[in-house]
S.K.: 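Sharing a structure, written as structure tokens. Questions coming.
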Amino acid sequence: MSLLELQFDVPPARSYSVHQEYATCSYKRTPHSNFLRGVKWSPDGACLLTASDDNCLRVYDTPLEAFTQAGYSQEPGIHSAAAAAADDAVAADRQPAGQRVPAQIPAAQQQHHHQQADSFPPALRIQEGKQLYDYCWFPGMSAADPASCCLVTTGRAHPVHLWDALTGELRCTYRAYNDKDEVAAAHSLAFSAEGGTLYCGFNKQIRSFRVERPGRDCSRVMTYQKGQEGLSGIVSCMALNPDRSGMMAAGSYSGAGLLLDTRSREALCLLEGGHDGGLTHLCFSADGNFLYTGARKDPSILCWDVRYGSGVIYSIPRQSGGTNQRMYFDVEPCGRHLATGGEDGVVRVFDLCDGSPAGQFAAAADTVNGVSFHPFLPLLATASGQRRYYLAASDGGSDSSESDTDSAACSSASDSSGASPTRPQLSDSENVLCVWQCSARPAQPAAEVLEDLEDGLAAPADRAATADQAADDNSGQDAAAVTDEAMEEQCE
């Protein structure tokens with residue numbers, strides 16, 4: 001299947017939305033609203049993963065109609081993968097990723113289900129114990145191979161968990177210990193390109209686990225040592241170069257980034273001086289030549305050339321200067337555009353050739369903290385939400401109508417039995433997961449681009465070779481004429 005180049009001169013159309021699933025969480029569990037914390041498509045495009053403030057990960061299956069509308073109904077790979085997944089599921093007595101039975105609607109949501117129905121329910125819910133720090137898919141996931149359908153999470157006071165994305169069962173854990181022999185929680189996660197190694201970010205160090213060997217056995221790479229140049233602070237985000245060169249980019253809350261070679265475990269280049277806040281997300285371009293970094297309370301995304309380490313090439317503006325949230329951004333599969341959200345609820349898309357704006361559209365009524373492109377369909381997923389503090393009745397005051405409304409809503413929900421107050425009801429454009437249909441055209445294959453480039457470079461070379469050959473022929477004719485004249489003079 002060929003890649004698509006998305007067009008943003010026309011705003012995308014919203015195809016699916018999920019709001020009620022997150023809005024009905026109890027006040028006791030999430031008193032500051034159950035806002036979303038990013039969204040990520042699975043590597044094979046069969047599933048969608050979200051995290052929220054209730055420390056629950058939800059897996060949604062991509063609707064089959066999305067493949068049909070995009071013209072993939074006749075793709076033999078779609079049917080063969082689905083058939084293989086179904087066969088494997090029967091053999092393993094489990095449901096495949098694309099055919100799971102939807103998760104049951106919670107009791108708190110059933111009473112509101114008739115009011116605002118979500119486009120689709122989650123196929124799976126995975127509950128973590130404490131606050132989630134990071135999560136990511138296994139890069140080799142395929143719905144046709146149930147063994148590859150897994151994801152990893154890390155959270156406060158917990159080891160790294162590897163979850164089964166089909167059943168929700170915990171497969172294994174990867175445990176790192178500190179100098180007091182206590183379990184240390186990783187703050188960021190990243191898989192190697194082939195999926196054999198799991199990298200975990202800690203304070204001033206990165207530890208790597210072999211995926212097939214869970215437990216406490218790991219390797220350690222120090223990113224900073226006293227008296228030496230390096231990456232100080234907690235390693236908050238990591239990304240592997242897609243060119244499979246073994247290059248890793250790591251960012252920390254100190255505001256700097258580091259390029260290192262995972263094969264030799266040596267630091268390649270320190271990226272500093274670009275951000276004022278701590279780095280929260282970074283990703284490579286599709287060809288692996290450029291790195292894009294974003295930080296908290298920083299109104300721009302910076303582009304770095306990792307081939308030379310010559311500093312910032314250009315910056316991409318976004319509305320993120322007033323929040324400490326982790327603001328995810330993503331590069332489309334063909335590598336042409338980058339999309340990022342903002343505090344104003346607008347998704348902005350930029351052309352990566354020069355960082356110029358390519359389009360924008362309103363995706364939510366609150367902060368859009370997550371965007372993710374589908375691997376091959378013209379779909380863009382967005383997640384929105386932010387922490388909200390609701391005042392009690394005694395703290396409301398009469399300064400603003402909004403405070404009075406919130407306080408009244410909270411106090412009206414409290415009864416004589418001391419039940420927890422309910423939050424004011426949010427609109428369906430807040431704390432919402434949306435999937436957008438984008439216009440697209442087939443992207444020019446990389447082979448054709450290289451062929452055109454080679455032809456363009458070969459033409460001047462051919463012309464130069466022809467000119468040199470002509471010059472050699474002319475010089476040979478002149479030399480022959482001179483030789484004939486000399487022989488004639490000698491005969492005379």
Side-chain angles (χ1 to χ4, degrees), residues 18-40 42 47-60 102-109 118 121-138 150-176 183-190 198 200-202 234 236-237 280-281 296 323-328 366-370 372 381 383-390 420-423 426 430-433:
V18 177
H19 166 73
Q20 201 63 33
E21 171 69 23
Y22 304 96
T24 54
C25 189
S26 65
Y27 178 89
K28 183 177 180 181
R29 191 171 183 180
T30 56
H32 305 304
S33 78
N34 188 27
F35 61 95
L36 280 84
R37 290 183 165 182
V39 57
K40 298 180 181 181
S42 63
C47 305
L48 196 62
L49 176 64
T50 67
S52 52
D53 196 46
D54 59 354
N55 305 323
C56 180
L57 294 109
R58 293 169 173 84
V59 180
Y60 299 87
Q104 296 296 321
I105 301 175
Q109 184 176 341
D118 294 336
L124 186 67
R125 296 186 184 92
I126 300 175
Q127 184 65 52
E128 275 283 9
K130 293 189 177 181
Q131 180 182 357
L132 282 169
Y133 288 155
D134 199 6
Y135 58 97
C136 66
W137 288 101
F138 177 69
C150 58
L151 56 98
V152 291
T153 62
T154 180
R156 185 176 61 188
H158 280 72
V160 177
H161 291 157
L162 179 68
W163 300 93
D164 192 310
L166 299 181
T167 63
E169 297 177 353
L170 180 63
R171 289 188 180 181
C172 61
T173 61
Y174 302 91
R175 303 184 300 275
V183 175
H187 291 265
S188 56
L189 301 169
L198 174 63
C200 306
F202 296 86
I234 296 175
S236 56
C237 51
T280 55
H281 185 57
R296 56 188 181 185
T323 178
N324 283 316
Q325 288 192 79
R326 187 187 296 266
M327 304 284 289
Y328 291 96
D366 51 3
T367 302
V368 177
N369 54 51
S372 180
S384 73
Q386 60 196 30
R387 181 173 282 107
R388 294 174 170 85
Y389 295 92
Y390 302 106
S420 299
T422 57
R423 295 182 299 265
L426 301 177
E430 298 174 306
N431 283 16
V432 61
L433 166 69

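All residue numbers in this chain count up from 1 along the given sequence.
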S.K.: For Asn431 and Ala23, indicate whether the former's side chain and the latter's backbone hold a donor-acceptor pair under 3.5 Å.
M.R.: no
S.K.: Run Trp163 and Val152 through side chain to side chain contact (heavy atoms under 4.5 Å, CB included) and show every step you take.
M.R.: CA-CA 6 Å; Trp163 300 93; Val152 291; over 6 Å; no
S.K.: Nearest 0.5 Å, please: how far is NE2 in His19 from CD in Glu430?
M.R.: 7.5 Å
S.K.: Nearest 0.5 angstrom please: Leu49 CG to Arg58 CZ, how far?
M.R.: 11.0 Å
S.K.: Taking the side chain from Gln127 and the backbone from Asn55, do they hold a donor-acceptor pair closer than 3.5 Å?
M.R.: yes
S.K.: Give a yes or no answer on whether the side chain of Asp118 reaches the backbone of Glu21 with a donor-acceptor pair at less than 3.5 Å.
M.R.: yes
S.K.: To check you understand the geometry: which heavy-atom pair defines the closest contact between Ala51 and Tyr135, and what is its length?
M.R.: CB-CE2, 3.5 Å
S.K.: For the residue pair Tyr22 and Tyr60, does the interplanar ring angle fall in the parallel (under 30°), tilted (30 to 60°) or perpendicular (over 60°) class?
M.R.: tilted
S.K.: Should Thr50 and Val18 be marked as a side chain to side chain contact (heavy atoms under 4.5 Å, CB included) after you check the CA-CA gap, both sets of side-chain angles, and the distance that decides it?
M.R.: CA-CA 11 Å; Thr50 67; Val18 177; over 6 Å; no
S.K.: Looking at every heavy atom in both Leu151 and Ala165, which two are closest together, and how far apart are they?
M.R.: CD2-CB, 4.2 Å
S.K.: Side chains of Cys200 and Val160, heavy atoms from C-beta outward: is any pair under 4.5 Å?
M.R.: yes
S.K.: Is there a donor-acceptor pair closer than 3.5 Å between any side-chain N or O of Asn369 and the backbone N or O of Gly38?
M.R.: yes
S.K.: Do you know which two heavy atoms are closest between Cys150 and Arg171, and how far apart they sit?
M.R.: CB-NH1, 3.7 Å
S.K.: Begin with the C-alpha distance, continue with both residues' side-chain angles, and end with the deciding distance and a verdict on side-chain hydrogen bond (donor to acceptor under 3.5 Å, both in side chains) for Thr323 and Gln386.
M.R.: CA-CA 9 Å; Thr323 178; Gln386 60 196 30; over 6 Å; no
S.K.: Looking at OG1 of Thr153 and CD of Glu128, how far apart are the two atoms once the value is rounded to the nearest 0.5 Å?
M.R.: 3.5 Å
S.K.: Would you find a donor on one side and an acceptor on the other, under 3.5 Å apart, between the side chain of Ser384 and the backbone of Val432?
M.R.: yes
S.K.: CG of Leu162 to SG of Cys172: how many Å apart, nearest 0.5 Å?
M.R.: 4.0 Å
S.K.: How long is the span from the CZ atom in Arg326 to the SG atom in Cys237, to the nearest 0.5 Å?
M.R.: 6.5 Å
S.K.: Please determine which of Arg37, Arg388, Lys130 meets the salt bridge (charged side-chain N to carboxylate O under 4.0 Å, His left out) test together with Asp53.
M.R.: Arg37
S.K.: Determine yes or no for a side-chain-to-main-chain donor-acceptor pair under 3.5 angstrom, with Asn34 supplying the side chain and Asp54 the backbone.
M.R.: yes
S.K.: Minimum heavy-atom separation for Pro159 to Thr173, with atom names?
M.R.: CG-CB, 4.3 Å
S.K.: Identify the two heavy atoms, one from Thr30 and one from Cys25, that lie closest to each other, and give their separation to 0.1 Å.
M.R.: OG1-SG, 3.6 Å
S.K.: Could you report the tightest heavy-atom contact between Ala157 and Ala185, atom names first, then the distance?
M.R.: N-CB, 3.7 Å
S.K.: Can you check whether Ser236's main-chain N or O pairs, donor with acceptor, with Thr280's side chain at less than 3.5 Å?
M.R.: no
S.K.: Nearest 0.5 Å, please: how far is OH in Tyr174 from OG1 in Thr154?
M.R.: 13.0 Å
